[in-house]
Amino acid sequence: MRKLLVFGLLLLFYGQVFSQESIPLWEGFDVHHGKQVTLTPYLADGNEMGLAVIVCPGGSYFWLDEATEGDGVAQWLQSNGISAFVLRYRAAGFGAFFWHHRALFRGKQYPDMLTDAQRALQWVREHADEYKIDPEKVGMMGFSAGGHLVMSAACFNEVNFLKEYGIETEVSLRPAFVAPIYPVVTMHEPYVHKRSRRALLSEKRQNDLVMRDSLSLERYIPADCPPVFLVNCTDDPVVEYHNSILLDSALTAHKIDHRYYRYHTGGHGFGASEKKGTPESRAWKKEFLNWVKTRYTQN
C-alpha cells in the first residue's frame with residue numbers, strides 16, 4: 001500500500017512538472033538569442049469558455065520578474081479557470097544594464113521582444129485544440145515594461161514581425177484583449193521611464209527621436225485595437241502614473257472599448273500577489289476577472 005501511495009505521489013509530481021514544462025518557441029529557427037525564449041503553460045481545469053492569457057512579466061526590458069509578474073500571475077489565472085502561458089521573452093540582460101555593451105554589439109533590443117510576443121500568440125492559437133482553448137479568446141497581460149509589450153502587440157498587430165524568419169502565419173496576430181498593468185507607455189519626456197527606453201532601443205538608438213516616437217504607444221492606437229483593461233496607481237514610484245493617463249486618453253479619443261482603474265495606493269510591481277501592493281490595488285484582480293468573464297459569458 002505504501003509503495004502504491006509513493007508511486008501515486010510520484011505520478012502526480014511528474015504530471016505537475018510536465019504540465020509546467022517550458023516550450024522553446026524558436027526551436028529550429030535561426031533567431032538571435034532565440035534559445036532563451038520559452039512559453040510555460042498553466043492549463044486550467046473546467047475552462048468552459050476557453051479563455052487564455054499570455055502573461056508577459058515586467059523588468060524594464062532589461063530582465064524579467066518571473067516570480068511575481070510571471071508564474072505567480074499564471075497560477076492565479078489558472079486557479080480562476082483561465083489557462084495562462086508565461087512568456088520568457090528576450091530582454092536586454094544584466095550585462096547590458098551594467099556594461100552598456102550594446103554601444104558596440106547589437107545584443108537584444110527592439111523588435112526582438114515584440115517578435116517573441118507575436119510568436120507566442122501564434123503558437124498558442126495554432127495549438128488551441130491541444131490546450132482546449134478557443135483561439136478567438138487568447139488575450140495578453142503584461143506588467144510595467146511587459147505592459148508596453150502587450151500594448152505594442154495590440155497597436156502593431158497588422159505588422160507581421162515573424163516574416164523575417166519566413167513565418168507567414170495563418171492565425172491572427174491581434175490579441176483578443178490586452179491588460180497592461182502599471183505599464184510603460186510613452187518614450188518621450190516628461191513621463192518616459194528612461195531605463196525601459198534604453199533597454200528597448202539600445203544605447204545607440206535611445207536618442208533617436210524617430211524611434212522614440214514610433215514606440216510611444218499613445219500615438220499609435222489603431223482603429224482595430226482590441227479591448228483594453230488598464231490599471232495603475234497614482235503613487236507609483238517607478239513608472240510615472242501619467243503613462244496610463246496618456247493611454248487612457250488615447251483610447252478614449254479613438255473610441256476603443258476599454259476599462260481604466262487608477263488606484264491611489266499600491267505602488268509598482270505587485271503583480272497578482274496577495275502581499276505586495278495594498279488592499280486597494282489588489283482589487284484589480286477581481287475587477288479583471290469580472291471584466292474578462294463578462295465579455296465571454298455564454299448565453
Participant: Could you tell me if the ring centre of Phe288 sits under 6.0 Å from that of Tyr261?
Facilitator: no
Participant: What's the separation between atom OG in Ser202 and atom NE2 in His101, rounded to the nearest 0.5 Å?
Facilitator: 10.0 Å
Participant: Applying the 4.5 Å side-chain criterion to the ILVMFWY set and letting contacts propagate, would Leu173 and Met113 be lumped into a single cluster?
Facilitator: yes
Participant: Taking C-beta and beyond as the side chain, do Tyr263 and Trp284 meet within less than 4.5 Å on heavy atoms?
Facilitator: yes
Participant: What's the shortest heavy-atom distance between Ala96 and Ala92, and which atoms?
Facilitator: CB-O, 3.6 Å
Participant: Got a donor-acceptor contact below 3.5 angstrom from the Asn232 side chain to the Ser244 backbone?
Facilitator: no
Participant: Mind listing the closest non-hydrogen atom pair of Arg212 and Gln206 along with its distance?
Facilitator: NE-O, 2.8 Å
Participant: In the hydrophobic clustering that connects Ile, Leu, Val, Met, Phe, Trp and Tyr at side-chain heavy-atom distances below 4.5 Å, which members other than Leu104 occupy its cluster, ordered by chain and number?
Facilitator: Phe105
Participant: Give a yes or no on whether the backbone of Ser281 and the side-chain of Thr278 come within a donor-acceptor separation of less than 3.5 Å.
Facilitator: yes
Participant: Please answer whether the main-chain N or O of Leu43 pairs with a side-chain N or O of Gln78 as donor and acceptor at a distance below 3.5 Å.
Facilitator: yes
Participant: Check whether any side-chain heavy atom of Val192 sits under 4.5 Å from a side-chain heavy atom of Val184, and report yes or no.
Facilitator: no
Participant: Under a 4.5 Å cut-off applied to non-hydrogen side-chain atoms, are Leu25 and Asp116 in contact?
Facilitator: no
Participant: For a 4.5 angstrom cut-off between non-hydrogen side-chain atoms, does Leu39 reach Val86?
Facilitator: no
Participant: Using 0.5 Å steps for rounding, measure from the CE atom of Met187 to the CZ atom of Arg198.
Facilitator: 13.5 Å
Participant: With a 3.5 Å distance limit and no angle check, can you tell me whether Glu218 reaches the backbone of Ala250 through a side-chain donor-acceptor pair?
Facilitator: no
Participant: Can you name the nearest heavy-atom pair linking Thr265 to Cys233, along with the distance?
Facilitator: O-SG, 3.4 Å
Participant: For Leu162 and Glu168, what are the C-alpha separation, side-chain angles and deciding distance, and is it a side chain to side chain contact (heavy atoms under 4.5 Å, CB included)?
Facilitator: CA-CA 7 Å; Leu162 305 176; Glu168 293 288 354; over 6 Å; no
Participant: For Val159, is there any backbone N or O sitting under 3.5 Å from a side-chain donor or acceptor partner on Gln118?
Facilitator: yes
Participant: Hey, does the side chain of Ser79 reach the backbone of Trp76 with a donor-acceptor pair shorter than 3.5 angstrom?
Facilitator: yes
Participant: If you take all heavy atoms of Glu136 and Ala176, which pair is closest and at what distance?
Facilitator: O-CB, 3.4 Å
Participant: Quick check: Tyr241 with Tyr182 (ring centres under 6.0 Å apart)?
Facilitator: no
Participant: Grouping I, L, V, M, F, W and Y whenever their side-chain heavy atoms are under 4.5 Å apart, do Tyr260 and Tyr191 come out in a common cluster?
Facilitator: no
Participant: Measure the acute angle between the ring planes of Tyr61 and His148, then classify it against the limits of 30° and 60° as parallel, tilted or perpendicular.
Facilitator: perpendicular
Participant: So do the side chains of Thr40 and Ile23 get within less than 4.5 Å of each other, counting heavy atoms only?
Facilitator: no
Participant: Could you check if a side-chain atom of Met49 sits within less than 4.5 angstrom of a side-chain atom of Lys293, using non-hydrogen atoms only?
Facilitator: yes
Participant: Does any non-hydrogen side-chain atom of Val55 lie less than 4.5 Å from one of Leu77?
Facilitator: yes
Participant: As a quick check of understanding, evaluate side chain to side chain contact (heavy atoms under 4.5 Å, CB included) for His188 and Asp213, giving each step before the final call.
Facilitator: CA-CA 7 Å; His188 284 292; Asp213 179 80; 3.8 Å; yes
Participant: Do you know which two heavy atoms are closest between His254 and Ile221, and how far apart they sit?
Facilitator: CD2-O, 3.6 Å
Participant: Counting only heavy atoms from other residues, nucleotides and ligands, does the tally under 6.0 Å from CD of Glu170 exceed 12?
Facilitator: no
Participant: Is the backbone N or O of Ala154 less than 3.5 Å from a side-chain atom of Asn157, with the two atoms forming a donor-acceptor pair by type?
Facilitator: yes
Participant: Quick one: CD on Gln122 to OG on Ser172, what's the gap to the nearest 0.5 Å?
Facilitator: 11.5 Å
Participant: When you check the side-chain N and O atoms of Asp112 and His33, is any donor under 3.5 Å from an acceptor?
Facilitator: no
Participant: Would Thr68 and Ser273 count as having a side-chain donor-acceptor pair, cut-off 3.5 Å?
Facilitator: no
Participant: Throw together a table of side-chain donor-acceptor distances under 3.5 angstrom for residues 139-147, partners on residues two or more places apart or in other chains.
Facilitator:
residue: Ser144; atom: OG; partner: His268; partner atom: NE2; Å: 3.0

Participant: Atom OG1 in Thr115, atom CD1 in Ile167: separation rounded to 0.5 Å?
Facilitator: 9.5 Å
Participant: Please state whether the rings of Trp123 and His127 are parallel, tilted or perpendicular, taking 30° and 60° as the class boundaries.
Facilitator: parallel
Participant: For Glu287, is the CD atom crowded, meaning more than 12 foreign heavy atoms sit under 6.0 Å from it?
Facilitator: yes
Participant: Between Arg295 and Pro227, is there a donor-acceptor pair closer than 3.5 Å when you use the side chain of the first and the backbone of the second?
Facilitator: no
Participant: Between Asn243 and His193, is a side-chain hydrogen bond (donor to acceptor under 3.5 Å, both in side chains) present by the stated rule, with each step listed?
Facilitator: CA-CA 9 Å; Asn243 275 262; His193 185 241; over 6 Å; no
Participant: For the residue pair Tyr296 and Phe177, does the interplanar ring angle fall in the parallel (under 30°), tilted (30 to 60°) or perpendicular (over 60°) class?
Facilitator: tilted
Participant: Could you tell me whether the side chain of Tyr89 reaches within less than 4.5 Å of the side chain of Arg119, counting heavy atoms only?
Facilitator: no
Participant: In the single-linkage hydrophobic clustering (I, L, V, M, F, W, Y; side-chain heavy atoms under 4.5 Å), do Phe229 and Phe270 co-cluster?
Facilitator: yes
Participant: Do NZ/NE/NH1/NH2 and the carboxylate oxygens of Arg197 and Glu189 come within less than 4.0 Å?
Facilitator: yes
Participant: Does Pro57 offer a backbone N or O that forms a donor-acceptor pair with the side chain of Asp65 under 3.5 Å?
Facilitator: no
Participant: Tell me, with the steps shown, if Leu64 and Arg88 meet side chain to side chain contact (heavy atoms under 4.5 Å, CB included).
Facilitator: CA-CA 7 Å; Leu64 302 179; Arg88 268 88 174 173; 4.0 Å; yes
Participant: Evaluate whether atom CG of Asp45 has more than 12 neighbouring non-hydrogen atoms of other residues, nucleotides or ligands under 6.0 angstrom away.
Facilitator: no
Participant: Please determine whether side chain to side chain contact (heavy atoms under 4.5 Å, CB included) holds for the pair Lys35 and Glu27, giving the CA-CA distance in whole Å, both sets of side-chain angles, and the decisive distance to 0.1 Å.
Facilitator: CA-CA 7 Å; Lys35 291 182 179 179; Glu27 190 171 42; over 6 Å; no
Participant: Which pair of heavy atoms, one from Pro226 and one from Ile256, lies closest together, and at what distance?
Facilitator: O-CG2, 3.8 Å
Participant: Just checking, any donor-acceptor pair under 3.5 angstrom between side chains of Gln109 and Arg205?
Facilitator: yes
Participant: Which value, rounded to the nearest 0.5 Å, describes the distance between His242 atom NE2 and Ser249 atom OG?
Facilitator: 9.5 Å
Participant: For the rings on Phe97 and Trp63, is their centre-to-centre separation under 6.0 Å?
Facilitator: yes
Participant: Rounded to the nearest 0.5 Å, what's the gap from OG on Ser60 to CG on Leu200? Could you check?
Facilitator: 11.5 Å
Participant: Do the side chain of Thr169 and the main chain of Val171 share a donor and acceptor less than 3.5 angstrom apart?
Facilitator: yes
Participant: Please determine whether residues Phe62 and Leu149 belong to a single hydrophobic cluster, defined as Ile, Leu, Val, Met, Phe, Trp and Tyr linked transitively by side-chain heavy-atom distances below 4.5 Å.
Facilitator: no
